[in-house]
2 protein chains.
Amino acid sequence: MVNMVLRLIYNGFITKFLRLGSLINTALVFWNFYCIVSIMSVSIRDVALKAGVSLGTVSNAFNRPGALAPATLKKVQKAVAELGFVPNASARTLRAGKTRVLGLVVPDISNPFFTDLSKGVNDAVLAAGYVVILCNTDESSEKEDKYLDVLTSQNVQGILITPARDSYSNLKTITDRGIGLTLVDRIAVGLEACSVGVDDAQGGALALNHLTDLGHRKILLLTGAENIPQVAEREKGIKEAIRKSSASDRPNLQTIRVDAMAAHSAEETLTKYLETNPLDFTGVICGNDLVALGAIRALRAKGIDVPGEVSVIGYDDIDFAQSASVPLTSIAQPKYQLGFAAAQLAIEECENPTKHTHQRIEFQPQLIVRSSTSPVSKKSKGI
Amino acid sequence: MVNMVLRLIYNGFITKFLRLGSLINTALVFWNFYCIVSIMSVSIRDVALKAGVSLGTVSNAFNRPGALAPATLKKVQKAVAELGFVPNASARTLRAGKTRVLGLVVPDISNPFFTDLSKGVNDAVLAAGYVVILCNTDESSEKEDKYLDVLTSQNVQGILITPARDSYSNLKTITDRGIGLTLVDRIAVGLEACSVGVDDAQGGALALNHLTDLGHRKILLLTGAENIPQVAEREKGIKEAIRKSSASDRPNLQTIRVDAMAAHSAEETLTKYLETNPLDFTGVICGNDLVALGAIRALRAKGIDVPGEVSVIGYDDIDFAQSASVPLTSIAQPKYQLGFAAAQLAIEECENPTKHTHQRIEFQPQLIVRSSTSPVSKKSKGI
DNA sequence: CATATAAATTGAAACGTTTCAAGCGATTTC
DNA sequence: GAAATCGCTTGAAACGTTTCAATTTATATG
């Protein structure tokens, strides 16, 4: 009630009130009264008025409490508490330019890889008092652009992104705007940005060498579009490993690309391939674990045993890999840590934009052997 | 370059420039020049200037394009594109009082149920020009409270939440603050809020009846804490279904609760149980698919065949259910639609806060039979 | 006690939008 | 041909903060 009266006086309504004659006007004033009380929120002015200090002092009470005389600070805090004042983040942002909001842009949030990664980001970010806006682009560049616009307009201070494609043109706009950029699972080439990643070439090599060690020489690479950077990088690693193998016994590699790095897409693509082609491979290296699951479904549907006839190796080592119909051999990546580290870099840049120097953190992948790969069988030898 | 010069003129620097004498001043101007170009972002003013129209017109171009002459609109759009203008959400919010930001609070983003749900939310929200801040509470009430505070201070217009526990006390604060609230996968009892959910009692009944139809009479319910609303609701449905069955042939139900509704937790709990107890059930109804996967791992580790000796039924029908070691029988929920519908309700409330009436949308669950359940075997009959 | 210095407080000027009363031409109506 | 109407456009005011130069008050110094 005190609050309400204060507002009336503050808004100059009391003068109107004194001049009133008719009941209608009285009713009108009370209607205004009601509106003010129910719709207007408490602002820094109200606090200042109540505490008997100026606007700047209230602001200082929040932003540099040390600069205030202890008595003043106490007065202000009392008023804040009594009025239930919560600073308006928009006004604060508009003036100060700091939002404490980060954007995280990922190509596919259904992929547990990105879920785990996002958990790492969230934990790091929450600890620092920031928030994350999570954007899922479905591997579409258009959606990515749209989300980047949205994030820009939300004045996020930093953007963590796993770009859908290898073109960084839209990202330049971000850094030009002064928004901190951190590439996740990508290397920042020609870009003012930090980056966090895993040695994908090494991961590709691990996968290939595992299969060749098991005796496989006809290998299918079932992966995503060439312009997805880590797809390309792993492919490079695989080819490099092939080149390094002895010329007399060099494995043969063919590549099939799926539309989306998801189970259903992989299943469809491989099924279609098997319908029109003989089984001409004994090992499959998949773009990620979801693709591997789809591949296994397709193979099984054709009556091809995994790993009896064909070995399948995934990538990412998602949680499900061990519960899969055939527990999946995979290349593990430190997903959570990747996200956590990226968020820390991003926050560091936000807190310290001038002194900040861009850096790259690179993790190492690890081969996890389960049941989906086995030595090449006699039955398959003929392939 | 054009843009840069424009800004100089606009800021009145050109007059200063004309009056310059010394080199120092010239340098100063160029320094200012540099600052303006590199730090200031493109504002509605720049667009107005470039398009040769007023501020209001540019604003209208965004907010009521119909009110503009087509030629003017085109001019503005061209300027917007060329300058790469993105409206500043803070300023917009400050003036208009709308943030176009929603919060989504879920207990476990690693659970594909919530991933799919969040996709639905995101799609609905993006279409309406909103953004979502995604918060993952790890089923912890403390984290939930913390996130609700964060969202409040971010001035979100609405919060979509699947509360971790059955206490709604913290949610009352939200509605009191005038923030739209939408309960997801929960019923809003005694709360000013919309809600979207699935008939959980029906889902529980579906699961139980499926097992009893297959002849199972000793049933284990492996689920989460009692104070998780949908856990309780499904339990109610199960018990109701038992009560309805003929007295002579009534199934027996025992319950074990897991700490977290995740695979590893379920595996651990069931393993411990099997170590100290004989196998005294032939069917397991699980709190969700993740729990079911964990349960299957625990059973297999003990050499118990699924579904040969024990049938297992999950809940949610996550994408992975069909790729699981034993393709999972499950109760499907329209996850994506749930999220989509919830977001639509929330947005409707944001757009139309006065006229809005709270409502509940309820979907129906569906039994999906795969391989993890089978008729009770002779071997198991003795149990 | 006067002065210099330090500490605390003030308040006006941004920040980039939206809103809306007012203005301006062009067109229609009498 | 004057008046009324209509369709676009304009620009100042406001939203609630933060910032910072200026001012006041308190404290230390000679």
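Just so it is clear, the values below take in all heavy atoms, side chains as well, and ignore hydrogens, waters and symmetry mates. Lettering of chains follows the sequences in order, A, B, ..., and the numbering in each one begins at 1. Remember, predicted model here, so these are calculated numbers, not experimental data.
Put simply, CZ on Arg92(A) is 20 Å from C1' on dT17(C), counting in whole angstrom units. Atom-to-atom, CG of Leu94(B) to P of dT19(C) comes out at 12 Å; the value is rounded to the nearest Å. Rounded to an integer number of Å, the gap from Phe62(A) CZ to dT17(D) P is 9 Å. Look at CG on Asn88(B): it is 18 Å from P on dC15(D), rounded to the nearest Å. One can place CG of Asn155(A) at 18 Å from P of dG16(D), the figure rounded to the nearest angstrom. One atom, CG of Leu49(B), and another, P of dT10(D), lie 12 Å apart when rounded to the nearest Å. Between Asp46(B) atom CG and dG16(C) atom P there is a gap of 9 Å when expressed in whole angstrom units. For the pair Lys75(B) NZ and dC8(D) P, the interatomic distance rounds to 14 Å; values are reported in whole Å.
Nearest heavy-atom pair across Cys194(B) and Leu345(B) is CB-CD1, 3.9 Å. Residues Gln344(A) and Ala124(A) come closest through the heavy atom pair CG-CB, 4.3 Å. The shortest non-hydrogen separation linking Val196(A) to Ala341(A) is CG2-C, 4.2 Å. Scanning all heavy atoms of the two residues, the minimum distance from Val131(A) to Val125(A) falls at N-CG1, 3.8 Å.
Side chain to side chain, Ser54(A) and Thr57(A) meet the donor-acceptor criterion of an N or O pair below 3.5 Å.
Comparing dT18(C), dC15(C), dT17(D) against the side chain of Phe85(A) picks out dT17(D) as the nearest.
Residue Ser59(A) places at least one side-chain N or O under 4.0 Å from the OP1 or OP2 atom of dT18(D). Taking 4.0 angstrom as the limit, Asn63(B) places a side-chain polar atom (N or O) nearer than this to OP1 or OP2 of dT18(C). The side chain of Arg64(B) places an N or O atom within less than 4.0 Å of a non-bridging phosphate oxygen (OP1 or OP2) of dT19(C).
Not a single donor-acceptor pair, N or O on each side, falls under 3.5 Å between the base of dT17(D) and the side chain of Arg95(A).
Applying the salt bridge (charged side-chain N to carboxylate O under 4.0 Å, His left out) test to every pair with at least one member in residues 74-89 of chain B, sequence neighbours left out, gives these pairs: Lys50(B)-Glu82(B), Lys78(B)-Glu82(B). Within the structure, every pair that satisfies the salt bridge (charged side-chain N to carboxylate O under 4.0 Å, His left out) test and touches residues 91-105 of chain A, not counting sequence neighbours, is listed here: Arg100(A)-Glu351(A).
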Protein-nucleotides 6-12 of chain C N/O pairs closer than 3.5 Å?
{"residue": "dT9(C)", "atom": "OP1", "partner": "Thr72(A)", "partner atom": "OG1", "Å": "2.2"}
{"residue": "dT9(C)", "atom": "OP2", "partner": "Ala69(A)", "partner atom": "N", "Å": "3.0"}
{"residue": "dT9(C)", "atom": "OP2", "partner": "Thr72(A)", "partner atom": "OG1", "Å": "3.4"}
{"residue": "dT10(C)", "atom": "OP2", "partner": "Ser54(A)", "partner atom": "N", "Å": "2.9"}
{"residue": "dT10(C)", "atom": "OP2", "partner": "Ser54(A)", "partner atom": "OG", "Å": "3.1"}
{"residue": "dT10(C)", "atom": "OP2", "partner": "Thr57(A)", "partner atom": "OG1", "Å": "2.7"}
{"residue": "dT10(C)", "atom": "O5'", "partner": "Ser54(A)", "partner atom": "OG", "Å": "3.4"}

